[in-house]
2 protein chains.
Amino acid sequence: MTAIKSSSTIQQNKKTALEMCPVTFTMEKIGSYWKPIIIYHLSEGSKRYSELKKAIPAVTEKMLIQHLKQLETDGLVIREARPVVPPYVTYQLSESGRQLLPVIHAMATWATAHM
Amino acid sequence: MTAIKSSSTIQQNKKTALEMCPVTFTMEKIGSYWKPIIIYHLSEGSKRYSELKKAIPAVTEKMLIQHLKQLETDGLVIREARPVVPPYVTYQLSESGRQLLPVIHAMATWATAHM
DNA sequence: AATGATACATACTTTAGGGTAAGTACTTGT
DNA sequence: ACAAGTACTTACCCTAAAGTATGTATCATT
């Protein structure tokens, strides 16, 4: 009666796939809506939180810090906070963050050729 | 009483941002979980639907055709169906699909250096 | 008459990402 | 005393993406 169909399959392998597929690994790091945009803006150099906000007007603050925190824990950006009031916090790309720029550029190149 | 906060902002610009940001444009095309993986497997050449299934065991059939259709309407892959029974359908990268390979490779290169 | 192979389609549910709207802490300026 | 600036935080909601399970069409073979 309940013949299970093998076509719709397991996803337990998914985790292992994630650990083994380098492209997926990269997507995990930069594959959200805002992250590439943030990285792009940081490619110009260190920026304050408020500067990023101004540079990317469409992003909400929640999304902005959320992704900045994620990028920081992933080691792609470096956060520097000076203990002053009002706060002065800057973000910049780390070395591995900078090494992502070729990826971003490859994407941009492809896009401009195909939009 | 209801002082509206300007910090949490508009997203009407988002659409325009999408149309203007090339990186976002590319992400729209390949920025899902399975698409880069599918493209990678098609980089080896034309493949049948069932071959892709076997090559990517963790994907469900729903996701597989859903993304293949999307890639097709985006002009990244070409579908060829021979009118035989049982069906014989192959997928291959189009020219713009092939031009995505540098992006995929850049991602893979970065990943292998940072996993 | 039932089974198998192939390439899908589809109804339903779950989950994750993103969005909205506000609040907080600390100090300087008026 | 109170507003203003900076860099967040948090509670709640909404939607879109992904997953589960099953169904379908066609013909050849047994």
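Letters go in sequence order (proteins before strands), and every chain restarts at 1.
Cation-pi geometry between A:K53 and A:Y49 is not satisfied (NZ or CZ under 6.0 Å from the ring centre, within 45° of the ring normal).
Side chain of B:K62, nearest nucleotide from C:dA7, D:dT10, D:dG19: D:dG19. Closest to the A:V85 side chain, of the nucleotides D:dT6, C:dT27, D:dA18, is C:dT27. Here the nucleotide nearest the side chain of A:I65, chosen from D:dT9, D:dG19, C:dC8, is D:dT9. The side chain of A:T60 has C:dG19 as its nearest neighbour among C:dG19, D:dC8, C:dA7. With distances taken from any side-chain atom of A:P87 to the nucleotides D:dT6, C:dC8, D:dT9, the minimum falls on D:dT6.
Atom-to-atom, CZ of A:R79 to P of D:dC8 comes out at 5 Å; the value is rounded to the nearest Å. Rounded to whole Å, the distance from NZ on A:K53 to P on D:dG5 is 11 Å. With rounding to whole Å, A:K35 atom NZ is found 15 Å from C:dA16 atom P. Rounded to an integer number of Å, the gap from CH2 of A:W34 to C1' of C:dG17 is 13 Å. Between the CD atom of B:Q70 and the C1' atom of C:dA9 there is a distance of 17 Å, given to the nearest Å. A straight line from CD of B:E61 to C1' of C:dT10 spans 13 Å, rounded to a whole angstrom. Between the P atom of D:dT9 and the CG atom of A:L68 lies a distance of 11 Å, rounded to the nearest Å. We find that CD of A:E51 is positioned 9 Å from P of D:dA7, with the value rounded to whole Å.
OP1 or OP2 of D:dA17 has not a single side-chain nitrogen or oxygen of B:S32 nearer than 4.0 Å. Between A:Y49 and D:dG5, a side-chain N or O to OP1/OP2 separation shorter than 4.0 Å is absent. OP1 or OP2 of C:dG18 lies within a sub-4.0 Å distance of a side-chain N or O belonging to A:H67. An OP1 or OP2 oxygen of C:dA7 is reached within less than 4.0 angstrom by a side-chain nitrogen or oxygen of B:R48. Taking side-chain N and O atoms only, A:S50 has a distance below 4.0 Å to OP1 or OP2 of D:dA7. Taking side-chain N and O atoms only, A:Y33 has no distance below 4.0 Å to OP1 or OP2 of C:dA16.
Residue A:K69 is in sugar-phosphate contact alone, with no base atom involved, counting any heavy-atom pair closer than 4.0 Å across all strands shown. Nucleic acid contact for A:R82: none, since no nucleic acid atom lies under 4.0 Å from a heavy atom of the residue.
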Is there a side chain to side chain contact (heavy atoms under 4.5 Å, CB included) between A:L93 and A:I39 once you walk through the steps?
CA-CA 7 Å; A:L93 291 179; A:I39 291 170; 4.1 Å; yes
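Here the closest heavy-atom approach between residue A:H41 and residue A:K47 is recorded as O-NZ, 3.4 Å. Residues A:F25 and B:A111 approach most closely at CD2-CB, 3.7 Å, considering heavy atoms.
A salt bridge links B:E95 to B:R98: one of the charged nitrogens lies within less than 4.0 Å of a carboxylate oxygen.
Remark: the backbone N or O of A:L101 is not paired with any side-chain donor or acceptor of A:S43 at under 3.5 angstrom.
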